[in-house]
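Quick notes on the structure that follows.
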Number of protein chains: 2
Amino acid sequence: MSVTLKDVAQAARVSVSTASRALTGTGLTSERTQQRLLLIARELGYRPNPIARGLKTGQSRLVALLVHNLTNASFQVMAEVVQARLKALGYQMLLCIGGDDPQQESDTLTTLVDHRIDGLIVVPTGKNGAQLKALAKDIPIVCLVRRDDATDLETVLADDPQGAYLGTRHLIELGHKRIGLIVGRQDTTSGRERLSGYVRALREAGIARDDTLIHAGHYVPETGVTCCRKLLDLPRPPSAIFVANHEATLGVLRVTAERNITIPDDLSLLCYEDMPWFEWHRPAISIVDNGARDLANLAVDRLLHRMDAKGNGNDGVREYRVGARLIKRDSCRHFDATAPAKSGKSKSSSSKSSAAKSAKV
Amino acid sequence: MSVTLKDVAQAARVSVSTASRALTGTGLTSERTQQRLLLIARELGYRPNPIARGLKTGQSRLVALLVHNLTNASFQVMAEVVQARLKALGYQMLLCIGGDDPQQESDTLTTLVDHRIDGLIVVPTGKNGAQLKALAKDIPIVCLVRRDDATDLETVLADDPQGAYLGTRHLIELGHKRIGLIVGRQDTTSGRERLSGYVRALREAGIARDDTLIHAGHYVPETGVTCCRKLLDLPRPPSAIFVANHEATLGVLRVTAERNITIPDDLSLLCYEDMPWFEWHRPAISIVDNGARDLANLAVDRLLHRMDAKGNGNDGVREYRVGARLIKRDSCRHFDATAPAKSGKSKSSSSKSSAAKSAKV
DNA sequence: CGATACACTGCAAACGATTGCAGAAACGCT
DNA sequence: AGCGTTTCTGCAATCGTTTGCAGTGTATCG
């Protein structure tokens with residue numbers, strides 16, 4: 001069916017071994033024959049069979065990336081980055097979707113080692129520590145975004161404490177004192193860390209922590225709906241909301257739209273993690289960027305390092321933090337303490353009516 | 001390192017061949033030994049090595065899905081569907097991102113055949129017909145969403161003519177007569193087909209086609225911006241816009257927000273293809289659903305069929321169409337011909353006004 | 001000029017499975 | 001008991017590479 005090494009060898013009237021050595025460039029063959037074989041191989045359109053090679057060498061040139069889903073914009077860019085990087089190095093990426101489900105993660109993991117992947121970047125659920133630990137003995141593994149506490153795997157993390165701190169401080173600097181926080185479940189690292197960053201910023205600013213302003217929930221839009229309602233229904237509702245549970249953003253947006261709350265006039269909104277449409281939305285939504293691109297790149301770097309190091313790529317470091325940064329757009333504004341709360345106020349502002357607008361933009 | 005067939009055979013005091021036959025269940029071994037081997041294999045934690053097996057059988061248990069990107073929501077759900085289906089059948093999905101770039105597509109394709117994938121579902125760029133055709137001789141291929149005209153590959157397509165027709169008709173039924181269309185490049189199948197569906201609906205309703213209402217462009221948000229502006233700046237702007245180039249939706253939304261145009265009061269908006277946030281958006285955006293989920297499922301079905309059929313799974317059918325359907329949400333409304341156009345009308349609802357304020361523009 | 005090193009090359013055994021072929025065991029039948 | 005079937009098992013080749021080892025030829029040196 002396809003051209004094998006034998007074919008090349010025959011055409012060149014040498015043995016398979018010589019052909020192999022010439023083509024893989026082990027340097028054990030004369031310059032002349034090497035060139036000749038290279039040429040013949042090209043003419044014949046020879047492509048080495050990774051399966052056969054893999055059988056012998058134990059390597060597959062396959063690197064897996066295991067993420068929870070593809071809906072999350074961060075995972076999308078990570079996948080794209082990883083794929084691009086790996087391809088450039090001659091690896092194929094095996095992208096797997098684990099659905100944040102331990103069982104599925106475990107299954108996938110076994111399939112992957114069956115296929116003798118050369119390396120793995122995984123966003124762990126945290127429930128398969130033992131398995132991961134065992135795997136790590138055989139293949140290089142790097143954890144991404146989440147840590148699996150049951151292991152001591154090298155992990156590339158977003159700097160969530162800092163990101164949350166940055167975001168909260170930004171809001172404080174704008175004059176907000178009552179800042180609602182919608183954050184992820186407290187049994188996840190990111191959930192805890194983001195809360196801590198928020199708390200630290202508050203403390204630094206001398207603002208007392210008010211637990212009625214803090215809501216945690218699952219990473220789904222519905223969380224945004226319920227939490228946002230709770231916040232707005234408070235006797236003294238917040239003047240700003242920091243949605244540090246990115247999936248919840250949709251829910252928050254909906255509730256504010258339903259209640260005719262104008263962002264950022266009536267309420268400032270700051271979100272965690274970017275989505276492609278955030279900058280197209282009006283008002284464009286300010287965010288704390290967790291640096292998905294950097295995270296992915298670093299993860300690949302670390303993985304490659306380990307793969308090269310053949311066994312011990314331990315540089316002592318167990319955990320890398322990728323800095324978060326604030327991207328200011330239009331959804332946060334200075335808080336004027338004298339203005340009325342968010343009760344039904346009618347807009348005087350229609351000033352900028354469409355006439356002016358339609359100019360050119 | 002890991003348990004091989006030989007280990008199992010030794011433990012059971014039989015030959016490797018017997019072990020192999022027992023475990024693969026070829027029925028050529030006695031019930032008793034088979035059970036015994038199954039047991040021992042389980043105890044030892046034996047997992048067959050797909051690489052070794054692949055070398056002998058020429059199969060890899062790998063099926064590739066090649067899409068343009070992961071940003072597109074349709075591709076996301078397709079990837080998830082394909083992954084789920086394949087995994088259930090013991091295949092691993094190789095998800096590849098081709099970026100709609102012929103060169104990259106071609107490279108990826110070669111890598112994939114190198115890895116002896118058992119099957120391929122591809123969204124073709126349309127520029128590598130020859131290569132695809134050649135590949136199709138060796139492995140089962142199904143095209144998805146786009147057709148490659150240079151081949152006669154089995155193709156699973158969305159019913160774009162029908163979808164566009166449905167959408168347009170919906171708007172017409174709501175009383176709209178001037179319907180703007182923002183559609184994809186006319187050198188893509190989908191671009192052409194959606195335009196044709198739009199035209200048909202118009203003709204059926206006895207509405208003259210007005211080419212100033214029709215704009216085509218690349219699949220990027222910017223297209224939405226420019227096309228939308230052109231439409232709104234028309235002497236007689238449309239009362240509804242059908243965005244049949246899904247990437248352009250963001251741009252359209254931005255322009256309308258900037259110009260203080262309230263949807264659906266001032267302008268009805270209908271989009272093609274769903275995005276997760278469409279139903280959370282206020283107003284929730286009505287769409288024509290191209291049935292990404294169904295498309296993916298059908299593609300998998302067809303591929304599996306071909307893979308089973310070993311060579312000729314040709315059922316004569318070359319092309320499958322998956323019906324589109326209309327999902328009515330809140331972005332389209334009845335058009336009242338008596339109301340003023342979209343000139344400077346001040347908002348009664350006032351809700352959105354300030355959003356556009358941010359002067360930015 | 002003979003010995004010794006060196007640079008290449010080829011043979012053959014792996015890697016871990018599958019599979020055609022032939023031998024062994026078990027059985028039924030005359 | 002002898003023979004033919006049938007049923008199971010094992011040997012060994014094979015898939016396409018890589019790689020240790022031994023062999024060949026040529027250059028180098030004393």
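The shown structure was predicted, so the numbers you read here are calculated from the model rather than taken from an experiment. Side chains are part of it too, since the values below use all heavy atoms of this structure and drop only hydrogens, waters and symmetry mates. Reminder, nothing fancy here: chain letters follow the sequence lines and each chain counts from 1.
- Put simply, the side chain of B:Tyr91 does not reach to within 4.5 Å of the side chain of B:Gln83, judged on heavy atoms.
- Atom CZ in A:Arg21 sits about 15 Å away from atom P in C:dA7, given to the nearest Å.
- Looking only at side-chain heavy atoms (C-beta outward), A:Val81 and A:Gln76 stay at 4.5 Å or farther from each other.
- For the pair B:Asp7 CG and C:dC15 C1', the interatomic distance rounds to 13 Å; values are reported in whole Å.
- Across all strands, B:Pro50 comes closer than 4.0 Å to no nucleic acid atom at all (heavy-atom distances).
- The shortest side-chain heavy-atom distance between A:Leu153 and A:Asp148 does not fall under the 4.5 Å cut-off.
- Toward the 5′ end of DNA chain D lies the nearest nucleotide of B:Glu31, the other residue of the pair B:Glu31 and A:Ala52 mapping further downstream.
- Protein chain B contacts DNA chain D from D:dC8 to D:dG16, reading 5' to 3' and using non-hydrogen atoms of the protein with a distance under 4.0 Å.
- At distances below 3.5 Å, not a single donor-acceptor pair connects side-chain atoms of B:Thr29 with backbone N or O atoms of B:Gly25.
- Of the residues in residues 32-42 of chain A, A:Thr33 come within less than 4.0 Å of DNA chain C through at least one heavy atom, sorted by number.
- Comparing B:Ile51 and A:Ser30 against DNA chain C, the residue whose closest nucleotide sits nearer the 5' end is A:Ser30.
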> Stepwise, does the salt bridge (charged side-chain N to carboxylate O under 4.0 Å, His left out) test hold for B:Arg147 with B:Asp149?
Replying inline: CA-CA 6 Å; B:Arg147 182 175 38 224; B:Asp149 295 316; 3.3 Å; yes

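- Taking atom CD on A:Gln59 and atom C1' on C:dC15, their separation rounds to 13 Å, with Å as the unit.
- In this structure, B:Arg47 atom CZ and C:dG16 atom P are separated by 16 Å, rounded to whole Å.
- B:Leu23 places its CG atom 8 Å from the P atom of C:dT18, with the value rounded to the nearest Å.
- Within 4.0 Å (heavy atoms only), A:Thr26 reaches no atom of the nucleic acid at all.
- At least one side-chain heavy atom of A:Leu23 sits under 4.5 Å from a side-chain heavy atom of A:Leu5.
- Under the 4.5 Å side-chain criterion, counting only non-hydrogen atoms from C-beta, B:Leu135 is in contact with B:Val113.
- A donor-acceptor distance shorter than 3.5 angstrom exists from the side chain of B:Asp118 to the backbone of B:Arg61, with no hydrogens or angles considered.
- Interatomic distance, A:Lys87 NZ to B:Gln104 CD, rounded to the nearest 0.5 Å: 4.5 Å.
- Within a 6.0 Å radius of CZ in B:Arg36, more than 12 heavy atoms belonging to other residues, nucleotides or ligands are found.
- Among the heavy atoms of the strands lying under 4.0 Å from A:Thr4 are primed sugar atoms or P, OP1, OP2 only; no base atom is included.
- Residue B:Arg53 has a polar side-chain atom (N or O) positioned under 4.0 Å from OP1 or OP2 of C:dT18.
- Using a 4.5 Å heavy-atom cutoff, the side chains of A:Tyr46 and A:Asp7 are not in contact.
- When heavy atoms are screened at a 4.0 angstrom cut-off, B:Thr29 is found touching the sugar-phosphate backbone but no base atom.
- Residues B:Leu120 and B:Val142 are not in side-chain contact: their nearest non-hydrogen atoms beyond the backbone lie 4.5 Å or more apart.
- Axis angle, first five pairs versus last five pairs of the helix from C:dC1-D:dG30 to C:dT30-D:dA1: 60°, rounded to 10°.
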